[in-house]
Engineer: 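Okay, handing you the structure first.
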Amino acid sequence: MKYNFKLNFALSFVLLSSLPAFSEEAPSYSLLYSYTEATKRSLYISDENGENSLKIGNFTLSDGYPAISPNGKHIAFYGKYDKYKTWSIHTVDLDGNNFKRLTQVKNVWDSSPVWSPDGKLIVFAREYKDQNGIWQEEIWRMNPDGSNKKQIKGLKGRSPEFMKDGRLLFQTKASPSQISIANLDGSNQIVLTNDATNNMSPKISPDGSKIAYISSRDGNQEVYIMNLDGSNQKRMTRNSIDEWGPSWSTDGTRVLFSSENVYDSLDIFSVNIDDALIQEVLRKGSQLSTMYHVDSKYLKRLMNKNKQSKK
């Protein structure tokens, strides 16, 4: 029988195009989070569907609140010491190398580090009891190497988040906490929520138009979103358990968050902002943040490191 090259090529093309796409490229990793492993928590990255995960490493008694630098090469995170009584800020490369401890104040809780849009600053929260036994909530800034630490005097609160214009989004000091915006020097504070319950953990959407946050205004802690000016506050989850730590999908159509489970740990879910559809993403994950850019060379080294560890 005579071979019909054109017909066979066409049939092959149709058959191949109906198969799942295969690529030599790495999955699109965009989630950075803390993962519970036995008695410790380690740093991991994953795609937004939770299908591909890579371990960065575990460096202290408990690692969490990771945030990636704007160039996609470095991670800032907190870790615990002294039987969990001291929390410190660290940096490590995305591939797990060059671990550095940046803060070392004993019996102080440093957490929630974030990078400035230009990558030249790390801002973080600091909590402690003062000499009078009064709980303090402060926001500090430093260079990425840990030098030039300064308290932002005008700000009292936690969960700092940089906006694209360089201002800070944060939650004010508890009793009750409110979502606010301020300049980096602490001036020109704008309060966005104003009610008798706690509003916490604000995260700005990719386009800068919306804020996701946690509020207990309807009983337990639920995920909410609102416009940048505080208008159109909308409840996204309706559960009998507490939600924690929201973050945005890279396209801004979903909010990811952690939710308590029956095993006394946390799982990661997503909720669509249009129809409030909730889907499970990852088990035993929390304190996640979104990675909008990942350096390909560092990612390749991390992938090779994970392959070697499985041999």
Side-chain angles (χ1 to χ4, degrees), residues 30-37 41-42 44-51 53 62 64-67 78 111-112 125 157-159 161 169-172 174-180 192-206 209-228 230-291:
S30 57
L31 297 184
L32 175 59
Y33 61 100
S34 177
Y35 178 76
T36 303
E37 289 185 311
R41 291 193 354 231
S42 305
Y44 275 74
I45 65 171
S46 172
D47 64 283
E48 284 185 0
N49 297 319
E51 296 172 352
S53 296
S62 182
Y65 289 112
Y78 90 147
S111 68
S112 305
R158 295 183 285 136
S159 298
E161 164 87 345
L169 188 62
F170 68 103
Q171 69 179 65
T172 61
S175 300
S177 58
Q178 304 296 337
I179 307 301
S180 297
L192 302 180
T193 59
N194 187 18
D195 55 60
T197 57
N198 287 319
N199 297 275
M200 307 173 292
S201 305
K203 290 289 183 179
I204 194 77
S205 63
S209 67
K210 292 181 175 62
I211 296 169
Y213 62 104
I214 299 295
S215 179
S216 56
R217 68 186 60 171
D218 293 311
N220 59 304
Q221 292 179 186
E222 303 284 357
V223 177
Y224 286 75
I225 61 172
M226 63 180 167
N227 293 336
L228 187 61
S231 64
N232 195 26
Q233 297 182 16
K234 182 180 177 183
R235 182 177 175 179
M236 301 304 303
T237 59
R238 298 179 182 275
N239 300 314
S240 59
I241 53 179
D242 286 341
E243 325 290 18
W244 300 87
S247 191
W248 289 87
S249 62
T250 53
D251 63 3
T253 63
R254 297 183 296 160
V255 176
L256 296 106
F257 61 95
S258 298
S259 185
E260 294 178 348
N261 60 35
V262 296
Y263 303 106
D264 197 29
S265 62
L266 296 167
D267 300 322
I268 295 175
F269 294 81
S270 69
V271 57
N272 296 346
I273 65 170
D274 290 336
D275 59 13
L277 176 66
I278 293 178
Q279 295 178 305
E280 184 181 76
V281 179
L282 285 164
R283 295 279 179 93
K284 298 194 292 185
S286 63
Q287 298 178 345
L288 74 155
S289 64
T290 306
M291 302 189 298

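What's counted below: heavy atoms across the whole structure, side chains too, no hydrogens, waters or symmetry copies.
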Engineer: For residues Tyr213 and Glu161, is any side-chain donor paired with an opposing acceptor at under 3.5 Å?
Structural biologist: no
Engineer: Check whether any side-chain N or O of Thr193 sits under 3.5 Å from a backbone N or O of Ile179 as a donor-acceptor pair, and report yes or no.
Structural biologist: yes
Engineer: What's the separation between atom OG in Ser112 and atom CD in Gln287, rounded to the nearest 0.5 Å?
Structural biologist: 8.0 Å
Engineer: Taking Asn220 for the side chain and Ile241 for the main chain, is one N or O donor matched with an acceptor at less than 3.5 Å?
Structural biologist: yes
Engineer: Evaluate the criterion side-chain contact (heavy atoms from CB on, under 4.5 Å) for residue pair Asn227 and Lys210; output intermediate values, then yes/no.
Structural biologist: CA-CA 4 Å; Asn227 293 336; Lys210 292 181 175 62; 4.2 Å; yes
Engineer: Under a 3.5 Å distance rule, please check whether Asn272 uses its side chain to pair with a backbone N or O of Asp274 as donor and acceptor.
Structural biologist: no
Engineer: Side-chain contact, heavy-atom cut-off 4.5 Å: Val281 with Glu48?
Structural biologist: no
Engineer: Gly245 and Leu288: which non-hydrogen atoms are nearest, and at how many Å?
Structural biologist: O-CD2, 3.4 Å
Engineer: Roughly how far apart are Ser201 OG and Ile211 CD1, rounded to 0.5 Å?
Structural biologist: 12.5 Å
Engineer: Thr237 side chain to Val223 main-chain N or O, any donor-acceptor pair under 3.5 Å?
Structural biologist: yes
Engineer: Do Trp244 and Glu260 have side chains that approach each other closer than 4.5 Å (heavy atoms only, starting at C-beta)?
Structural biologist: yes
Engineer: Compare every heavy atom of Thr250 with every heavy atom of Ser30, then report the nearest pair and how far apart it is.
Structural biologist: CB-CG2, 3.7 Å
Engineer: Can Ser247 and Thr290 be counted as having a side-chain donor-acceptor contact under 3.5 angstrom?
Structural biologist: yes
Engineer: With Glu222, which of Lys234, Arg217, Arg235 fulfils salt bridge (Lys or Arg N to Asp or Glu O under 4.0 Å)?
Structural biologist: Arg235
Engineer: Treating Asp267 as the side-chain partner and Ser259 as the backbone partner, does any N or O pair qualify as donor plus acceptor under 3.5 Å?
Structural biologist: no
Engineer: Scan Arg254, Met236, Gln279 and name whichever one has a side chain to side chain contact (heavy atoms under 4.5 Å, CB included) with Val271.
Structural biologist: Met236
Engineer: Measure the shortest side-chain to side-chain distance between Leu228 and Ile204 over non-hydrogen atoms and say whether it is less than 4.5 angstrom.
Structural biologist: yes
Engineer: For the backbone of Thr197 and the side chain of Ser216, can you confirm whether one donor and one acceptor N or O come within less than 3.5 Å of each other?
Structural biologist: no
Engineer: For a 4.5 angstrom cut-off between non-hydrogen side-chain atoms, does Val255 reach Ile273?
Structural biologist: yes
Engineer: How close do Trp248 and Lys203 get, counting heavy atoms only, and between which atoms?
Structural biologist: NE1-O, 2.9 Å
Engineer: Identify the heavy atoms of Pro176 and Asn198 that sit nearest to each other, and give their distance.
Structural biologist: CA-OD1, 3.2 Å
Engineer: Within the side chain of Asp242, is there an N or O that forms a donor-acceptor pair under 3.5 Å with the backbone of Gln221?
Structural biologist: yes
Engineer: Is a donor on one side and an acceptor on the other found under 3.5 Å between the side chain of Ser177 and the backbone of Asn199?
Structural biologist: yes
Engineer: Drop me the distance from Leu169's CG to Ser159's OG, to the nearest 0.5 angstrom.
Structural biologist: 9.5 Å
Engineer: Taking the side chain as every heavy atom from C-beta outward, state whether Asn232 and Met226 have any atom pair closer than 4.5 Å.
Structural biologist: no
Engineer: So how far is it from Asn49 CG to Ser249 OG, rounded to the nearest 0.5 Å?
Structural biologist: 10.5 Å
Engineer: Enter the distance from Gln171:CD to Met200:CE here, rounded to the nearest 0.5 Å.
Structural biologist: 6.5 Å
Engineer: Could you report the tightest heavy-atom contact between Tyr33 and Ser286, atom names first, then the distance?
Structural biologist: CB-O, 3.6 Å
Engineer: Distance-only, no hydrogens or angles: does the Gln178 side chain make a donor-acceptor pair with backbone N or O of Asp195 under 3.5 Å?
Structural biologist: yes
Engineer: Output the distance between atom OG (Ser289) and atom CG (Leu32), rounded to the nearest 0.5 Å.
Structural biologist: 4.0 Å
Engineer: What class does the angle between the rings of Tyr65 and Tyr78 fall in, given that below 30° is parallel, 30 to 60° is tilted and above 60° is perpendicular?
Structural biologist: perpendicular
Engineer: I'd like to know if the side chain of Gln233 reaches the main chain of Tyr224, judged simply by a donor and an acceptor atom lying under 3.5 Å from each other, with no hydrogens or angles considered.
Structural biologist: no
